[in-house]
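To keep things clear, I will list the structure first and then write my remarks on it.
Below, chains carry the letters A, B, ... as their sequence lines are ordered, and counting in each starts from 1.
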Protein chains: 2
Amino acid sequence: MPELKIQHILTLSYLLSKGAKHNYVSITTSSLGKSIKKSQQAASKHLLELEQNQFIDRIMSGRNVSVKITPKGFSEMVKLSTTLQKSLNSFPSHVELKGTLVSGMGEGAYYMGLKGYTKQFKSKIGYVPFPGTLNVRLDKKIHQEAVKQFETLDGIKIKSFSDGKRTYGWVKCFPAKLNNSINCDMILLERTHHDNSVVELISKTCMRKTGKLKDGSKITIKIPISS
Amino acid sequence: MPELKIQHILTLSYLLSKGAKHNYVSITTSSLGKSIKKSQQAASKHLLELEQNQFIDRIMSGRNVSVKITPKGFSEMVKLSTTLQKSLNSFPSHVELKGTLVSGMGEGAYYMGLKGYTKQFKSKIGYVPFPGTLNVRLDKKIHQEAVKQFETLDGIKIKSFSDGKRTYGWVKCFPAKLNNSINCDMILLERTHHDNSVVELISKTCMRKTGKLKDGSKITIKIPISS
DNA sequence: ATTACTAACATCCGAGTAG
DNA sequence: TCTACTCGGATGTTAGTAA
């Protein structure tokens, strides 16, 4: 049984914090038990098992135990830590959505073409969108669900405005890549907050033309996540 | 039961490496089981438990499962990872030895006073040792054992030399602090490789005088560890 | 092929306790 | 006090299997 049991990691971690890397540290099994939130008996057993597997050196002196982590034990800890660290730091940092191009009702184009919006687009995302949004229906549940996380992300915020008669809600933009080639932005609208089965894309150019797309075309959208 | 069980960490770690932070990733329980070295059934149970505790979102679609890590699950992973990381990086980086001053037989002074050694001392540790080594008997087993690790450490190496008649072995020096005040070096000799109950210290000055020490005085030695 | 149930098995933990 | 044993109950894992 040359494997380090995961439940022993916390024990080793505690011992390490006590300085057991270089020195034999004197401890009681009950204090150790308290620290790792287990009983005195469990702590005692942990130490015995760790010693058996040569993860610690253990010296009995009178009534209490002195313990030092072996190079083997230490390297096992490092191994696990870096494994964790790696998976925490090197996950893919983008969301991938797949769906089908559908035709909208033209209302997207109407709203996005309003001066109150276009002025902000120009200054905040650097271009005035081609009049007409690309509607992509997300066919799979997993992609519909994945969109939800953008509700809590910030993106680039286009503020709401009023023309005196009515108010037009804010728009959040997320820079994205369509079919791995065309730069665009996915937009989330304040009004259509609840329906995640369709997402809207805007771009400087007409994506239907530059991407040779028509209704029913399969679409892949990649949206990098900054955080 | 709002606690993350440790054995689930590996499951989460695997999911994370698959990109489950931002996207729903589709997996089979048997492949997951293989990855975490458990059975298919165990993997299935892990996922169910993780879902129950809201560490993952889980979507069944037909025959397989898609999974995404929740912010809660992610932050729990970060918590554990940083705990580990901290204990790995911030342990005390010195060895502490305690013992009693004993009188040597003067042979230490004789050997260390040889030209072949003093010339190297001057250039490598910056001073010519006061003639006479300080012998410290380590009374406790834990300190005797702790000395052993220096055998595998490098320290500052004083090379062996020959005067034509015989060869004088190498000496390893480890910068140390005596009783938290006096700078000195602990020396390990090639010849007395086996006895760890006594360590020898050298210093620029007479430590018995500057430290007001006599035979029987209690001694504390701190030796920083570089690695 | 898949997920996940039940039941048997293995492991872990802690109360009691000896030395 | 202390460590560490036994043992019963809780928990985790797997084999078999249903759907």
Side-chain angles (χ1 to χ4, degrees), chain A residues 1-15 18 20 24-69 73 76 80 140-142 145, chain B residues 1-15 18 20 24-69 73 76 80 140-142 145:
Chain A
M1 210 182 280
E3 268 301 313
L4 180 59
K5 295 181 196 166
I6 311 190
Q7 48 270 60
H8 289 154
I9 291 285
L10 294 180
T11 310
L12 282 177
S13 172
Y14 176 75
L15 293 175
K18 283 283 188 176
Y24 282 85
V25 297
S26 169
I27 48 159
T28 66
T29 53
S30 37
S31 71
L32 173 60
K34 214 182 257 176
S35 304
I36 62 173
K37 289 169 181 178
K38 293 282 148 63
S39 67
Q40 172 269 322
Q41 294 91 329
S44 173
K45 200 144 179 279
H46 279 191
L47 290 180
L48 291 171
E49 289 166 345
L50 284 170
E51 187 189 28
Q52 263 183 358
N53 296 338
Q54 296 184 298
F55 293 124
I56 61 171
D57 287 333
R58 192 164 142 280
I59 296 179
M60 296 287 312
S61 50
R63 266 171 171 64
N64 54 355
V65 186
S66 293
V67 157
K68 180 171 173 300
I69 296 174
E76 282 294 322
L80 181 78
K140 290 186 185 170
K141 183 116 189 288
I142 61 172
E145 291 296 319
Chain B
M1 210 181 282
E3 269 301 312
L4 179 59
K5 296 182 197 166
I6 310 191
Q7 48 272 63
H8 288 154
I9 291 285
L10 295 179
T11 310
L12 282 178
S13 172
Y14 176 75
L15 293 175
K18 284 283 189 176
Y24 282 84
V25 297
S26 170
I27 49 157
T28 67
T29 53
S30 39
S31 70
L32 174 60
K34 212 182 260 178
S35 303
I36 61 174
K37 288 167 182 181
K38 292 283 150 60
S39 66
Q40 172 269 323
Q41 295 89 332
S44 172
K45 202 151 176 268
H46 279 189
L47 290 180
L48 290 172
E49 290 165 344
L50 284 170
E51 187 190 27
Q52 262 181 359
N53 295 335
Q54 298 184 297
F55 293 123
I56 61 169
D57 288 333
R58 190 165 142 281
I59 296 179
M60 296 287 311
S61 50
R63 266 171 173 66
N64 54 354
V65 184
S66 293
V67 157
K68 181 172 174 298
I69 295 173
E76 281 295 321
L80 181 81
K140 290 186 184 168
K141 183 117 190 284
I142 60 172
E145 292 294 321

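- In this structure, B:Leu50 atom CG and D:dG12 atom P are separated by 12 Å, rounded to whole Å.
- Contacts of A:Lys45 with the nucleic acid, taken as non-hydrogen atoms under 4.0 Å apart, are absent.
- The distance from atom CD of A:Gln7 to atom P of C:dA10 is 18 Å, rounded to the nearest whole Å.
- Side-chain atoms of A:Ser35 come within 3.5 Å of backbone atoms of A:Ser31 as a donor-acceptor pair (strictly under, hydrogens ignored).
- Taking atom CG on A:Asn64 and atom P on C:dG19, their separation rounds to 21 Å, with Å as the unit.
- Side chains of B:Ser26 and B:Asn64: a donor on one and an acceptor on the other come within 3.5 Å.
- Atom CG in B:Leu32 sits about 14 Å away from atom C1' in D:dT13, given to the nearest Å.
- In this entry the distance linking CE of A:Met60 with P of D:dC2 reads 12 Å, nearest Å.
- Within 4.0 Å of A:Thr28, counting heavy atoms only, lie sugar-phosphate atoms of the nucleic acid but no base atom.
- Side-chain N/O atoms of A:Ser44 include none lying less than 4.0 angstrom from OP1 or OP2 on D:dT3.
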Would you please test A:Ile9 and A:Leu80 for side-chain contact (heavy atoms from CB on, under 4.5 Å) and show each step? CA-CA 9 Å; A:Ile9 291 285; A:Leu80 181 78; 3.6 Å; yes
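- At a cut-off of 3.5 angstrom, the base of D:dT3 holds no donor-acceptor pair with the side chain of A:Arg63.
- At whole-Å resolution of the value, CD1 in B:Ile59 and P in C:dT2 are 20 Å apart.
- Residue B:Leu48 contributes atom CG, which lies 14 Å from atom C1' of D:dG12 at whole-angstrom precision.
- A distance of 9.0 Å separates CD1 in A:Ile27 from OG1 in A:Thr11, rounded to the nearest 0.5 Å.
- Among the protein residues, A:His46 comes within range of the sugar-phosphate backbone only, with heavy atoms under 4.0 Å from sugar or phosphate atoms but none that close to a base.
- Atom NZ of B:Lys68 has more than 12 heavy atoms from other residues, nucleotides or ligands within 6.0 Å.
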Under 3.5 Å, N/O pairs linking protein and nucleotides 15-17 of chain C:
from: C:dA15; atom 1: N7; to: A:Gln41; atom 2: NE2; distance (Å): 2.6
from: C:dG16; atom 1: O6; to: A:Gln41; atom 2: NE2; distance (Å): 3.0

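- Summarising the geometry, atom NZ belonging to B:Lys5 is positioned 8.0 Å from atom NE2 belonging to B:His46; distances are rounded to the nearest 0.5 Å.
- We find that CD1 of B:Ile6 is positioned 18 Å from P of C:dT11, with the value rounded to whole Å.
- Here the straight-line distance linking atom CG of B:Leu47 with atom OG1 of B:Thr29 works out to 7.5 Å at 0.5 Å rounding.
- Looking at heavy-atom distances under 4.0 Å, B:Ile27 makes contact with sugar-phosphate atoms alone, never a base.
- In terms of phosphate contacts, B:Lys5 brings a side-chain nitrogen or oxygen within less than 4.0 Å of OP1 or OP2 of D:dG12.
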